[in-house]
Amino acid sequence: MSTPDLTHDAFLGGRLKLWQPKQGYRAGVDPVLLAASIAAKAGESVLDLGCGAGAVALCLGRRVEGLELHGLELQPFYAELAEKNAAENEIPFTVHQGDVADMPAALKERRFHHVLTNPPYFDRETGSKAPDTLRETALGGASLPLWLEAAARRLLPKGYLTLICRAERVPELLAGLPDYLGSCELWPILPRAGQPSQLVLLRARHSGRAAFRLHAGLLMHKGVAHTADAESYTDEIAEVLRNAVSLPFPKK
């Protein structure tokens with residue numbers, strides 16, 4: 001495979017610059033929202049499974065200093081790109097090249113305060129696949145339940161697994177969570193008022209005992225329809241995307 005052409009894209013209002021393939025899978029709003037939802041503190045350890053070019057981990061690292069950031073990526077091209085992005089943004093980030101289904105020994109020996117992931121969006125059973133060959137190859141052979149189990153095994157006791165996923169996969173997502181993950185919270189993301197959720201944020205805690213919580217939807221855009229060739233993000237979302245503001249899970 002020839003090396004794809006790259007673009008140099010600004011995130012968080014220009015606070016972060018990432019090299020990405022010009023064609024194929026490109027990080028957009030999803031990883032920024034996921035990173036903003038993580039309640040990590042300086043001194044804690046974080047693992048990003050399927051880190052791609054590093055968007056989630058590096059957005060989090062730009063917002064919260066002093067984290068020990070690790071990423072796992074199957075595709076060498078993306079792993080190298082993540083390392084390049086981390087170095088140019090001067091954010092410490094250790095990238096491991098390997099498969100979620102068979103992690104490198106350096107990760108199997110570790111446990112983390114937070115595990116983050118933007119897991120496979122496609123269903124291997126129905127044949128609905130990722131939008132490009134490079135992205136599908138990067139996802140490897142891991143099913144969603146296997147992906148969840150692998151993520152959960154890397155958590156410290158009371159550590160958090162947080163992910164973003166398509167709404168239609170919520171039944172499979174909840175069914176695939178290991179039994180030792182509790183205190184599960186589901187936060188639907190609504191494109192506009194009156195429209196159904198397309199994405200969800202989910203957080204679960206190792207050894208958590210709190211009851212399941214379904215939060216009110218997070219509204220992405222103002223108005224009920226796109227009526228002009230201009231951004232229409234809600235003020236809350238605009239602050240996340242432009243000013244690196246956190247997006248904590250609701251407390252009630």
Side-chain angles (χ1 to χ4, degrees), residues 1-100 102-119 132-135 137-140 150-151 154 162-164 240-247:
M1 182 183 67
S2 60
T3 302
D5 292 334
L6 302 178
T7 61
H8 203 208
D9 304 307
F11 288 77
L12 305 178
R15 293 171 176 81
L16 185 72
K17 298 284 186 67
L18 299 180
W19 292 101
Q20 301 192 89
K22 187 174 182 179
Q23 301 294 329
Y25 175 75
R26 293 168 54 80
V29 173
D30 300 3
V32 182
L33 297 180
L34 175 57
S37 74
I38 308 303
K41 301 176 182 178
E44 291 185 334
S45 56
V46 178
L47 173 61
D48 180 4
L49 286 185
C51 66
V56 179
L58 296 177
C59 281
L60 176 58
R62 178 58 76 224
R63 179 171 62 84
V64 183
E65 295 184 355
L67 296 174
E68 182 188 352
L69 296 173
H70 290 256
L72 176 65
E73 175 55 44
L74 175 63
Q75 190 78 346
F77 166 75
Y78 277 115
E80 292 172 5
L81 207 54
E83 291 177 338
K84 175 183 176 70
N85 285 329
E88 291 192 2
N89 285 281
E90 299 182 337
I91 298 175
F93 182 36
T94 302
V95 181
H96 306 262
Q97 197 270 313
D99 195 336
V100 169
D102 186 19
M103 291 190 189
L107 288 181
K108 288 183 178 180
E109 296 169 355
R110 290 290 312 272
R111 298 293 183 271
F112 298 84
H113 294 93
H114 299 271
V115 175
L116 329 174
T117 186
N118 186 355
D132 69 280
T133 302
L134 188 61
R135 175 58 171 165
T137 301
L139 293 173
R154 303 276 68 78
T162 311
L163 60 86
I164 192 165
V240 170
L241 299 180
R242 305 300 174 222
N243 295 319
V245 172
S246 64
L247 186 68

Restricting to non-hydrogen atoms, name the atom on [X] and the atom on [Y] that form the minimum distance, rounded to 0.1 Å.
X: Val32; Y: Cys59; result: CG2-SG, 4.1 Å
X: Phe11; Y: Ala27; result: CZ-O, 3.7 Å
X: Ser246; Y: Val240; result: O-CG2, 4.1 Å

Residue of the set [options] for which side-chain contact (heavy atoms from CB on, under 4.5 Å) holds with [X]:
X: Cys51; options: Thr117, Val95, Leu116; answer: Val95
X: Leu18; options: Leu6, Leu58, Leu81; answer: Leu58
X: Leu69; options: Asp48, Thr94, Leu47, Ile91; answer: Ile91

Item to check | All pairs passing ring-ring contact (aromatic ring centres under 6.0 Å, His included) where residues 30-68 contributes a residue, at least two apart | outcome: none
Checklist entry - Mind checking what makes side-chain hydrogen bond (donor to acceptor under 3.5 Å, both in side chains) contact with Asp102, not counting sequence neighbours? => result Lys108
Next on the checklist: Walk me through whether Glu88 and Trp19 qualify under side chain to side chain contact (heavy atoms under 4.5 Å, CB included).
Outcome noted: CA-CA 10 Å; Glu88 291 192 2; Trp19 292 101; 2.8 Å; yes
Checklist entry - What do the steps show when you test Thr162 against Leu34 for side chain to side chain contact (heavy atoms under 4.5 Å, CB included), and what is the final call? => result CA-CA 8 Å; Thr162 311; Leu34 175 57; 3.8 Å; yes
Next on the checklist: What verdict does the side chain to side chain contact (heavy atoms under 4.5 Å, CB included) test give for Leu72 and Val100, after you've listed the backbone C-alpha separation in whole Å, the side-chain angles of each residue and the deciding distance to 0.1 Å?
Outcome noted: CA-CA 7 Å; Leu72 176 65; Val100 169; 4.0 Å; yes
Checklist entry - Under the criterion side chain to side chain donor-acceptor pair (under 3.5 Å), which of His114, His113, Arg154, Glu68 is the partner of Ser45? => result His113
